[in-house]
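Throughout, protein chains are lettered first and strands after them, A, B, ... in sequence-line order, and every chain is numbered starting at 1. Remember, predicted model here, so these are calculated numbers, not experimental data.
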Amino acid sequence: MNAADTPDIPDSGDGFDSVGAERRITVLREEIHQHNHRYYILDDPLISDAEYDILFRELQQLEEEWPDLRAPDSPTMRVGAPPAPEFESHRHEFPMLSLANAFTFEEMQEWQGRVYRQLNLVGESVEENDPSLEDVTYMAEPKFDGAAIELIYENGILTAGVTRGDGETGENVTANVRTIRNVPLRLSTAVPDARAIPDLLDVRGEVIMLRSEFAAMNRRRSEAGEPLFANPRNASAGSLRQLDSRVTATRPLSFFAYGVGRVEGLEGDPFTRQSEVLETLAGWGFQVADRWQLAADLNEVEQFYHGLLGGREDIPYEADGLVVKVESLDLQIELGQVSRSPRWAIAWKFPAQQATTVVKDIEISVGRTGALTPTAVLEPVEVGGVIVSRATLHNREEIQRKDVRIGDTVIIQRAGDVIPAVVKVVTGKRRSGARKFVFPALCPECGSDAVQPEGEVVVRCVNLSCPAQIKERLFHWGSREAMDVDGLGEKLVEQLVDRGIVTDPAGLYELIADDLSPLDRMAEKSANNLVDALAQTKTATLDRFLTALGIRQVGTVVARVLARTFGSLEKIMEADRETLEEIHDIGPEVASQVITFFSMAENRRLIDRLLASGLSPQWPPEGELAGVSTGVDLSGLIFVFTGELVELTRGEAKRLVESLGGRVTSSVSSRTDYVIAGPGAGSKRAKAEELGVEILEETAFLAMIGR
DNA sequence: ATCCCTCGAGTTCA
DNA sequence: CTCGAGGGAT
């Protein structure tokens, strides 16, 4: 049933007036919504596809005739809209976290141990009000292998769909999401016991392709002579990121919901259990995993795991493991998160897909820092739907430890189903021709010495002018985290360096379009684009500039710390070792790398030339909340936010604290300095009282930071 | 001295 | 995504 494929039906000449049309449109939409639900969610249609198409066409025609009556939740939105030039980025109000992984039961037990420890369930100081071991139960469901997204519903209407992105910021793919047949455009209240719909709801889930749909789609593509998709995951992710949503509409995508983000204005009690969230979502019209399981302990989880693994092929979608969550939402809140993963959930992955192949050769590549990295060149082999021909061997010791020789038969797998790695050598199949790899003592790119410093694992080329290093440094300069120069790709850098046109980043800014014209694939237009893109980076922020310089041990985070602490390039260059080491997150090693970098005459000359070409690193960043310096110094202080905030969003509050040098974490501990508690604060507030941590209201917090 | 968490750096394929 | 190592807390 695909309305987009239905041939046009001649105009019926309905002759409604606007009121009549509106009434008819409302009836049609409601009816089509019901049929969609029965077809896609309940799998129990009441009418034939042909009858459905007639209703759909009628609605389409009416909407064409009365454009004012179009609506974002109309089923006709599902056929897609004309292409957009690019996706807008969209910041998640609550970050979309990723999950920690476990592969064995032992690793699951370790995770449980961390859960117990965090909840104070082990050790001597168990207090009366603390939860007990029996309170920690689990909910497990299959881990969908697709693309994670968030759907935003305002007053029950789907208003946005956003990809996970880096977890903080994703892309707005609303037009594409609307084309997914089992995504409710409007939340359903049809189920008798369904809860009333909240004012604002973020639904999280996975966009996937069912195995059968994927196979059928590839069959169609093969008949049409179109390229095939490697696997359902790539096909889903690719379809979701189509700029032309009419293309997305032709792809057989499905959405499975598994969680919520913001829930505002929910009537009655807040959610208390993970399974309740799932049941409620199902009641509102979402498709959820067809099999999920409550488990009183890890042994029950393990049974479910083995059951699912055994019948893995029979599941209608690809699952790469199990997601196990602590069932109680109160405990989830108390557990909080570490970095970008919640402590209350874990992915228990199925064993990675493996394949056997032969190592044809071992090649060495030279990185930005001169690191010599060996890569195994493999006889191409399919692993999990992708042809793999190379696998990293990391470093010299790794080759020795695994005793990988050229000509060996090896087992490879895709780590996390992405990056190929050599698991082990099949020694039984080793033939006499297999020879040990002699790790080079000289850099293969420039012939300089390659040395391995005492106590380190990495072998490095000592020559700073090594062409391979120059290329990587230039490429790094333009990378997304650094100066983000559009068009400065690997191929272009290669040509620039090989022809001696550019040898360092300053050289890039001395380029004019004429220098580029003799290069391959460099017509006038792309040359001008590159020069423009470079010009735009002249006002990049100081932290990006520092990242781009490629100082050892200084990446995005440390660069931001330096920019925030010193505020200008000159001050950073003047800073002495003691000043640097006093800064949180900077220790002797990082300090010494910074000092060394700026003390080298060559680097100082590079910076002079960059500044002379018009670069002026900006700090504080313009327009960002972070820029509103109030002169308050929060460095070294750790904040936890709990309950609702009124004046600020969580994201703003976090950025504010960080911009003033403080840190924000999610769980209260003895090292927390302040807990900012709003209405609805619960266990964290209690924990703060217990530990004697200072508690502030939002207004007091704002006063404290001078806003 | 030891653990845990983060950060940096390097890497694959489509 | 994974590994190694820096930094901070215990």
Side-chain angles (χ1 to χ4, degrees), chain A residues 98-101 103 110 113-114 117-118 123 227-231 233-239 241 320 336-341 343 347 349 352 363-378 380-398 401 412-423 452-453 455-460 468-469 472-473 475-476 479 481-482 490 546-547 550-561 580-594 636 638 663 665-667 669-672:
Chain A
S98 52
L99 293 179
N101 290 327
F103 285 92
E110 285 166 21
R114 290 195 294 275
R117 220 173 315 144
Q118 185 68 26
L228 303 185
F229 285 104
N231 54 54
R233 197 230 322 241
N234 288 0
S236 312
S239 303
R241 297 196 70 262
D320 56 350
Q337 68 191 66
V338 182
S339 177
R340 286 181 291 277
S341 335
R343 266 189 282 246
K349 305 272 275 223
E363 287 180 357
I364 297 285
S365 63
V366 180
R368 168 165 67 88
T369 64
L372 268 53
T373 307
T375 307
V377 180
L378 307 168
V381 62
E382 187 188 317
V383 196
V386 171
I387 309 283
V388 169
S389 56
R390 303 170 66 83
T392 178
L393 290 167
H394 297 296
N395 54 55
R396 166 159 55 187
E397 281 176 20
E398 176 94 352
R401 189 163 55 234
I412 62 164
Q413 69 179 24
R414 298 203 302 147
D417 280 339
V418 179
I419 311 238
V422 173
V423 181
Q452 178 175 8
E456 283 184 35
V457 174
V458 178
V459 178
R460 288 180 205 279
Q469 289 189 47
E472 292 298 327
R473 282 201 295 266
F475 185 62
H476 170 74
S479 70
E481 305 274 67
E490 235 161 337
L546 289 169
T547 306
I551 305 166
R552 290 270 280 280
Q553 309 282 7
V554 178
T556 51
V557 174
V558 175
R560 215 165 300 153
V561 169
L580 286 167
E581 284 191 33
E582 276 168 20
I583 302 167
H584 201 272
D585 287 340
I586 294 183
E589 179 60 30
V590 177
S592 130
Q593 292 288 354
V594 172
I638 298 179
R663 287 149 54 96
T665 62
S666 61
S667 62
S669 73
S670 57
R671 41 185 229 264
T672 309

| request: Could you please spell out the steps behind the side-chain contact (heavy atoms from CB on, under 4.5 Å) verdict for A:Val561 and A:Ile586? | output: CA-CA 9 Å; A:Val561 169; A:Ile586 294 183; 4.3 Å; yes
List the atom pairs, with distances to 0.1 Å, where a side-chain N or O of residues 382-394 of chain A and a protein N or O form a donor-acceptor pair under 3.5 Å, not counting sequence neighbours.
{"unit_1": "A:Arg390", "atom_1": "NH1", "unit_2": "A:Glu363", "atom_2": "OE1", "d": "3.3"}
{"unit_1": "A:Arg390", "atom_1": "NH2", "unit_2": "A:Glu363", "atom_2": "OE1", "d": "3.4"}
{"unit_1": "A:Thr392", "atom_1": "OG1", "unit_2": "A:His394", "atom_2": "N", "d": "3.1"}

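- Looking at which nucleotide of DNA chain B each of A:Arg114 and A:Thr556 is closest to, the 5′-most match is held by A:Arg114.
- For the residue pair A:Arg460 and A:Thr369, a side-chain donor N or O sits within less than 3.5 Å of a side-chain acceptor on the partner.
- Closest to the side chain of A:Val457, out of B:dA9, B:dG8, C:dG4, is C:dG4.
- As a whole-Å value, the separation of A:Asn101 CG from C:dT2 P is 7 Å.
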Using atom names, set out every protein N or O paired with an N or O of nucleotides 10-14 of chain B below 3.5 Å, distance rounded to 0.1 Å.
{"unit_1": "B:dG10", "atom_1": "OP1", "unit_2": "A:Thr369", "atom_2": "N", "d": "3.4"}
{"unit_1": "B:dG10", "atom_1": "OP1", "unit_2": "A:Thr369", "atom_2": "OG1", "d": "2.7"}
{"unit_1": "B:dG10", "atom_1": "O3'", "unit_2": "A:Thr373", "atom_2": "OG1", "d": "3.2"}
{"unit_1": "B:dT11", "atom_1": "OP1", "unit_2": "A:Ser365", "atom_2": "OG", "d": "2.5"}
{"unit_1": "B:dT11", "atom_1": "OP1", "unit_2": "A:Thr373", "atom_2": "OG1", "d": "3.4"}
{"unit_1": "B:dC13", "atom_1": "OP1", "unit_2": "A:Ser389", "atom_2": "N", "d": "2.8"}
{"unit_1": "B:dC13", "atom_1": "OP1", "unit_2": "A:Ser389", "atom_2": "OG", "d": "3.2"}
{"unit_1": "B:dC13", "atom_1": "OP1", "unit_2": "A:Arg390", "atom_2": "N", "d": "2.9"}

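- The side chain of A:Pro588 approaches C:dG7 more closely than any other nucleotide in the set C:dG7, C:dG6, C:dG4.
- Checking B:dC5, C:dA5, B:dC7 against the side-chain heavy atoms of A:Arg343 singles out B:dC5 as nearest.
- Remark: P of B:dA9 and CD of A:Glu481 are 11 Å apart, rounded to the nearest angstrom.
- Rounded to an integer number of Å, the gap from A:Gln452 CD to C:dA5 C1' is 14 Å.
- Contact annotation: the side chain of A:Gln553 never approaches that of A:Val558 to less than 4.5 Å [non-hydrogen atoms, C-beta and beyond].
- Residue-level contact check: A:Val458 touches neither bases nor backbone, having no heavy atom under 4.0 Å from any strand.
- Between the CD atom of A:Glu398 and the P atom of C:dT2 there is a distance of 13 Å, rounded to whole Å.
- As a whole-Å value, the separation of A:Ile551 CD1 from C:dG6 C1' is 16 Å.
- In this structure, A:Ile586 atom CD1 and B:dC7 atom C1' are separated by 12 Å, rounded to whole Å.
- Separating the CG atom in A:Leu546 from the OG1 atom in A:Thr556 is a distance of 11.5 Å, to the nearest 0.5 Å.
- Note: CG (A:Asn395) to C1' (B:dA9) measures 12 Å, nearest angstrom.
- Distance CD (A:Glu581) to C1' (C:dG7): 11 Å, rounded to an integer number of Å.
- Residues passing the salt bridge (Lys or Arg N to Asp or Glu O under 4.0 Å) test with A:Glu398 are A:Arg401, A:Lys402, sequence neighbours excluded.
- Counting only N and O atoms by type, the side chains of A:Gln469 and A:Arg368 include no donor and acceptor under 3.5 Å apart.
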